[in-house]
Amino acid sequence: MDLLQIDTTRKDHVRRFIQLPLRLYRASRQWVPPILSDMRLQLNRQKHPYYQHSDADFFLAVQDGEDVGRISVLENRNYNDCHHSRTAFFYHFECNEDPAVAAALFQRALTWASVRGLNKVIGPKGLGLLDGMGFLVDGFDQRAAMTMMLYNPPSYPAFAEAAGFVKEVDFVSCRLAAQQFTLPERIHGIADKVTARGQLRVVTFRNKAELRAMAPRIGQAYNQAFVDNWEYIPFTDAELELVTNDLVTIADPKLIKIILHQDDVVGFLFAFPDLSAALQRSKGRLFPFGLIDLLREYRRTDWVIVNGAGILSQYQGRGGNALLYSEMEKTIKQAGFAYADLTQVAETAVQMRRDLENLGGVPYKNHRVYGREI
């Protein structure tokens, strides 16, 4: 077995790295392929804004002339500066069911980090804001929520543990039936009083142009709202612009809501129609027909994904949380969805996880981020 370092300037290398999971998961009904153009961008050092401040390398395991595994290793310097750490991330891990292949890939990641003077490796954790985190450890019979959530076979957590990785943090996802998601009237009453007094107000969007115009302010609020979170990375303006472009492609503006205090964005709710089935049919290709099918799936899907809800800490005790949950219920019910998927809430966000379960959310997936000291 050889480990090939991907030359990201070579189209054939990039294509092999991207195509491997399409082959490994060709019989899977749960795996959802990434949008292939997004994947190519992640390996483009000239165009992806991550490389303006940080570094990454990509590796393929090749055995008897066949690609049998892959991994990427990242040094996000903004993360390390923010957390005062010397940590590397691993991501894009895939391999066949051979423990020796997995061991070789993990060892390559550890060596990569050690050579750079880093003292810990954690993952799966990716380049961008919308990259799903962690290996799936519970809920293998459930389809992934678009590309915002990773899917993997049960062997991957065992492969990581065999390589010396241990649990770092879990991210639980909840699902709920829309008809069962009914807040106590007291919560709606608090939300109504807050808005009536003019302390906070909710902004909705009629079209994607309005959403795009507000995007820089939303990004600033994100960077403030999650600064104390374990997984927080301060994203640059260029990275937030990239995320905005990605979101606008799949977003229904009516499902995005912003909370303002005066003219400052202090909270947000990101919800998206679940387009997973269309992504599976297109095998990650938007053109020539994949984008058309995605647009049709808007009308077919009865699932909505809530993949971002937050409010600045100074407003949480002033009716902000009540307003956020009130708007969440309205979003799910008014849009006519039957089910909601509330994705990847960290176990460290104790209050939010307790709130979601009290509101009828049923934990049904668990993703685990692993770590290993070097």
Here the gap from Leu43 atom CG to Lys11 atom NZ, rounded to the nearest 0.5 Å, amounts to 14.0 Å
- Message: Would you say the ring centers of Phe135 and Phe159 fall short of 6.0 Å from each other?
- Response: no
Interatomic distance, CG@Leu294 vs CZ@Phe289, rounded to 0.5 Å, equals 14.0 Å
Next item on the list: Please lay out, stage by stage, how Asp341 and Thr343 fare under the test side chain to side chain donor-acceptor pair (under 3.5 Å).
Entry: CA-CA 6 Å; Asp341 192 333; Thr343 65; 5.6 Å; no
Note to self: So that I can tick it off, tell me whether Arg300 and Asp274 are bridged by a salt bridge, with the cut-off set at under 4.0 angstrom between side-chain N and carboxylate O.
What the structure shows: no
inquiry  = Walk me through whether Leu127 and Phe89 qualify under side chain to side chain contact (heavy atoms under 4.5 Å, CB included).
reply    = CA-CA 9 Å; Leu127 283 73; Phe89 304 157; over 6 Å; no
SB check Arg368 Asp138 (cutoff 4.0 Å)
no
Of all heavy-atom pairs linking Thr301 and Pro273, the shortest is CG2-CB, 4.0 Å
* **Test log, rule side chain to side chain contact (heavy atoms under 4.5 Å, CB included), inputs Arg77 and Asn80** => CA-CA 5 Å; Arg77 299 187 182 102; Asn80 283 331; 5.5 Å; no
Examine distances only and state if a side-chain atom of Arg116 and a backbone atom of Trp112 form a donor-acceptor pair shorter than 3.5 Å. yes
task: Please check if the distance between the ring centroids of Phe106 and Phe90 is under 6.0 Å.
output: yes
| query | Can any side-chain N or O of Arg299 pair as donor or acceptor with the backbone N or O of Arg296 at less than 3.5 Å? | reply | no
Taking every heavy atom of Leu110 against every heavy atom of Ile374, the minimum-distance pair comes out as O-CD1, 3.8 Å
- prompt: Do the rings of Tyr25 and Trp31 sit parallel, tilted or perpendicular, given the 30° and 60° boundaries?
  reply: parallel
Can you check whether Lys120's main-chain N or O pairs, donor with acceptor, with Thr87's side chain at less than 3.5 Å? no
Side-chain donor/acceptor of His92 to backbone N/O of Ser72, under 3.5 Å
no
**Prompt:** Can you tell me if Arg70 uses its side chain to pair, donor with acceptor, with the backbone of Phe17 under 3.5 Å?
**Reply:** yes
Give a yes or no answer on whether the side chain of His367 reaches the backbone of Leu150 with a donor-acceptor pair at less than 3.5 Å.
yes
Taking every heavy atom of Phe171 against every heavy atom of Asn366, the minimum-distance pair comes out as O-OD1, 3.3 Å
Of all heavy-atom pairs linking Ala163 and Arg372, the shortest is O-NH1, 2.6 Å
Review point. Does the pair His53 and Glu239 meet the rule for a side chain to side chain donor-acceptor pair (under 3.5 Å), with working shown?
Key: CA-CA 11 Å; His53 57 78; Glu239 288 173 308; 3.1 Å; yes
Interatomic distance, CG@Leu183 vs NE2@His188, rounded to 0.5 Å, equals 4.5 Å
> With distance as the sole test, does Tyr156 use its side chain to make a donor-acceptor pair with the main-chain N or O of Cys95 at under 3.5 Å?
Replying inline: yes
Are side-chain N/O atoms of Thr331 and Lys257 paired as donor and acceptor at under 3.5 Å?
yes
Donor-acceptor pair, side chain of Arg108 and main chain of Ile71, under 3.5 angstrom
no
Taken to the nearest 0.5 Å, the spacing of Asp2 CG from Asp64 CG works out to 10.0 Å
- prompt: Under 3.5 Å, side chain of Asn96 to main-chain N/O of Asp98, donor-acceptor pair present?
  reply: yes
Arg175 vs Trp303, test: side chain to side chain contact (heavy atoms under 4.5 Å, CB included). Steps then yes/no. CA-CA 10 Å; Arg175 64 182 174 190; Trp303 278 83; 4.1 Å; yes
Query - Check against side chain to side chain contact (heavy atoms under 4.5 Å, CB included), Arg45 and Asp55 - result: CA-CA 9 Å; Arg45 300 177 189 275; Asp55 195 14; 3.4 Å; yes
Exactly one of Glu161, Lys167, Lys125 clears side chain to side chain donor-acceptor pair (under 3.5 Å) with Tyr370, and that residue is Glu161
In the single-linkage hydrophobic clustering (I, L, V, M, F, W, Y; side-chain heavy atoms under 4.5 Å), do Val115 and Val121 co-cluster?
no
* To do: Without swapping roles, check the side chain of Glu97 against the backbone of Ser155 for a donor-acceptor pair under 3.5 Å.
  => no
Check for me, please, whether Leu242 and Ile256 land in the same ILVMFWY cluster - side-chain distances under 4.5 Å, paths through other members count. no
Residues Pro124 and Val369: closest non-hydrogen pair is O-CG2, 4.1 Å
- Determine whether Phe93 and Val166 fall in the same hydrophobic cluster, where Ile, Leu, Val, Met, Phe, Trp and Tyr are linked whenever their side-chain heavy atoms lie under 4.5 Å apart. no
When every non-hydrogen atom of Gln42 is compared with those of Tyr51, the smallest separation belongs to O-OH, 2.6 Å
| query | Applying the 4.5 Å side-chain criterion to the ILVMFWY set and letting contacts propagate, would Ile332 and Tyr339 be lumped into a single cluster? | reply | no
Taken to the nearest 0.5 Å, the spacing of Glu347 CD from Glu168 CD works out to 10.0 Å
Value for CG (Leu60) from CD (Glu94), rounded to nearest 0.5 Å, stands at 11.5 Å
